[in-house]
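On a predicted model such as this, the values are computed, not experimentally measured, just so you know. In what follows, chains are A, B, ... by sequence order, proteins preceding strands, each numbered from 1. The basis for the numbers below is simple: all heavy atoms, side chains too, and nothing from hydrogens, waters or symmetry mates.
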Amino acid sequence: MSQQRFTFPQWTNLALPAMAIVGATAPLYVAIVVAYGFSPDTLDVGHMPEQPIPFSHKLHAGELGIDCRYCHNTVEYTQHAAIPPTETCMNCHAQIHPQSEKLEPLFESYETGMPIEWVRVHDLPQYAYFNHSAHVNRGVSCVECHGRVDTMEVVYQHETLSMGWCLSCHRNPEPHVRDPKLITQLEWGIDMSEEDRKIEGEHWLDVNHLNPSQDCSTCHR
Amino acid sequence: MKLIKQIIDDLLTPMLEDFWKVPLWIRWALVVVTCAATIPLAVIYRARHSVNEKPRIHIIQNMDNQPKSVAQDGSEWFNDGRIMRPKIEGTVARGDMAGDTHFFMGIEHDEWATTFPTTVSVDKAFVERGQDRFNIYCTPCHGATGYGDGLIHVRAMTLVETGANGTSWVAPKNLHESLIKEQPVGQLFNTITNGVRTMAAYASQIPTEDRWAIVAYIKALQFSQDADPELVDGSASFPQKNTQGGDE
């Protein structure tokens, strides 16, 4: 009995071209998945945590036209734009919807003095020291970073808040600055042409002597 | 053309013939792998075009979260869950001492102050600051012109009609009533600071100097609604005053 020799079937010749195709597409595929999948556009934008009270910015800031600073009143003075204390809500809600079930955590907080555990939506890395007052007092509107909060039923992260995104504005601030008196007018300028918006921005850059810093130490200390 | 034909005839056709001889399970595996490769792409596409309530996926930490606390963080150290500590009772923080009763309370010689404190200078910029602050903190109820017709008032009235969740509402004051027009500035300041009846206190929301600015603006607003038209240049061509009030 002669020993039968193993011969590769003819179709195995395809192995080489197949390897060539995989070799060419796989790195491209991995690059696309990593570049898009790991980008803050994918991971961070659209973060919309559930809050203990279904507070609607669309109703309060949009329809009722309450200024952002009525509640976030520290924004012009400090680094942090404070979530309002329970007392601010009670300015109105002592009388309006005082028996609402949805507002139960609010009334409980008011009675016990324990804070309402609102969930932070916009969370910067802790080595980045963003200062709200430095921006709003120079005419960077809330809308530039937070989007049209006055149309959001539930607030979600609208921009990437990545370093590249910060710098894109610091390098090219014209379309993002305005009259500091209009910072909370979120709808201001949306029907302006790009050209007009830039001219307006240039004007306010000039008036307020703005020169956005690109130094590392401006934000990282 | 000839070259393309040659490539097809000599290279691709035999390759295709070979392909059909590849064992069926390998060909199926190829189909499955190709399909599976689209899943991550689809997931990424969806994540980029929708909102998500779940916590963020944070793969590379990079010291983004550090064992330190920032403003308004939660904390397990303290019973109330706050990292920021409330003022200790009976203490006064630096800069918080209300020694000047005129400036901090609107009281002069045990009576409502009739003048602005000397620490503020009432000029155009001050009144404009007051207008800016009034528009933030007062217009929701009192309305932009102070007639007590703000959007919160309008909303509350519709809620009272439908009886939603036990809503009751005391209409905000019309700031042009003679009773309020006659109030000394100190009393107006006190109302903003400590609240009155159903109006809440605004001392924690508005800094002291800004509350005086609002008082200055209210005085200007009251004056404007009842001013002699002669005081304004070109007033002859203005439309007649709306005697009903309430409309802007």
Side-chain angles (χ1 to χ4, degrees), chain A residues 9-14 17 29 32-33 36-39 41-50 63-67 69-71 73 77-80 82-85 87-88 90-92 94-101 103 113-115 117-118 120 123-127 154 156 181 184, chain B residues 14-15 18-23 37 40-41 43-45 47-60 62-66 68 70-74 80-82 132 135-137 139-141 151-152 155-156 159 164-170 198-202 204-207:
Chain A
Q10 201 194 335
W11 60 265
T12 51
N13 287 342
L14 286 173
Y29 179 80
I32 289 174
V33 167
Y36 283 90
F38 284 44
S39 119
D41 268 313
T42 310
L43 296 178
D44 297 339
V45 174
H47 178 54
M48 190 180 74
E50 195 185 344
E63 287 169 39
L64 297 175
I66 301 175
D67 194 284
R69 291 164 292 184
Y70 184 93
C71 303
N73 59 323
Y77 311 107
T78 61
Q79 170 174 348
H80 182 67
I83 302 301
E87 283 72 15
T88 303
M90 294 301 282
N91 283 358
C92 297
Q95 294 176 73
I96 297 176
H97 290 301
Q99 289 155 21
S100 165
E101 264 174 46
L103 293 181
M114 296 290 276
E117 293 182 27
W118 298 104
R120 196 185 293 268
D123 201 8
L124 289 184
Q126 294 199 333
Y127 47 78
V154 181
Y156 59 88
K181 280 203 155 83
T184 55
Chain B
M15 271 169 73
D18 282 349
F19 180 74
W20 296 117
K21 288 180 202 137
V22 174
L41 298 179
V43 169
I44 290 170
Y45 180 86
R48 287 170 81 90
H49 292 89
S50 62
V51 292
N52 195 329
E53 293 188 355
K54 292 188 211 69
R56 290 184 189 87
I57 299 168
H58 202 89
I59 301 159
I60 300 162
N62 274 343
M63 294 176 75
D64 287 350
N65 294 301
Q66 300 170 9
K68 71 173 182 183
V70 295
Q72 293 196 311
D73 263 355
D80 62 3
R82 295 179 176 96
D132 193 53
N135 287 342
I136 297 170
Y137 298 105
T139 46
C141 288
L151 284 175
I152 299 297
R155 165 92 177 170
L159 289 175
N165 293 320
T167 298
S168 63
W169 187 250
V170 179
T198 52
M199 176 178 151
Y202 278 79
S204 64
Q205 268 162 285
I206 316 173

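When heavy atoms are compared at a cutoff of 4.5 Å, B/V43 does not approach chain A at all. Contact annotation for B/P55: only backbone heavy atoms (N, CA, C, O) come within less than 4.5 Å of a heavy atom of chain A. Neither the backbone nor the side chain of B/T139 comes within less than 4.5 Å of any heavy atom of chain A. With a 4.5 Å cut-off on non-hydrogen atoms, B/S50 touches chain A through its backbone but not through its side chain. With a 4.5 angstrom heavy-atom cutoff, B/I136 touches chain A via backbone and side-chain atoms both. Both the backbone and the side chain of B/D80 come within less than 4.5 Å of a heavy atom of chain A. Only the side chain of A/S39 comes within contact range of chain B, judged by heavy atoms closer than 4.5 Å. Of the two parts of B/Y45, neither the backbone nor the side chain holds a non-hydrogen atom closer than 4.5 Å to a non-hydrogen atom of chain A. Only the side chain of B/I59 comes within contact range of chain A, with heavy atoms under 4.5 Å apart. Both the backbone and the side chain of A/H97 come within contact range of chain B, each with at least one heavy atom under 4.5 Å from a heavy atom of that chain. Only the side chain of A/L14 comes within less than 4.5 Å of a heavy atom of chain B; its backbone N, CA, C and O stay farther away.
Heavy-atom pairs under 4.5 Å with chain B peak, among A/V154, A/T88, A/V45, A/I66, at A/T88.
Of the inter-residue distances, the one linking A/Y70 atom OH with B/N135 atom CG reads 14.0 Å to the nearest 0.5 angstrom.
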Set out, in order, the CA-CA distance, both residues' side-chain angles and the distance that settles salt bridge (Lys or Arg N to Asp or Glu O under 4.0 Å) for B/D73 and B/K68, then state yes or no. CA-CA 9 Å; B/D73 263 355; B/K68 71 173 182 183; over 6 Å; no
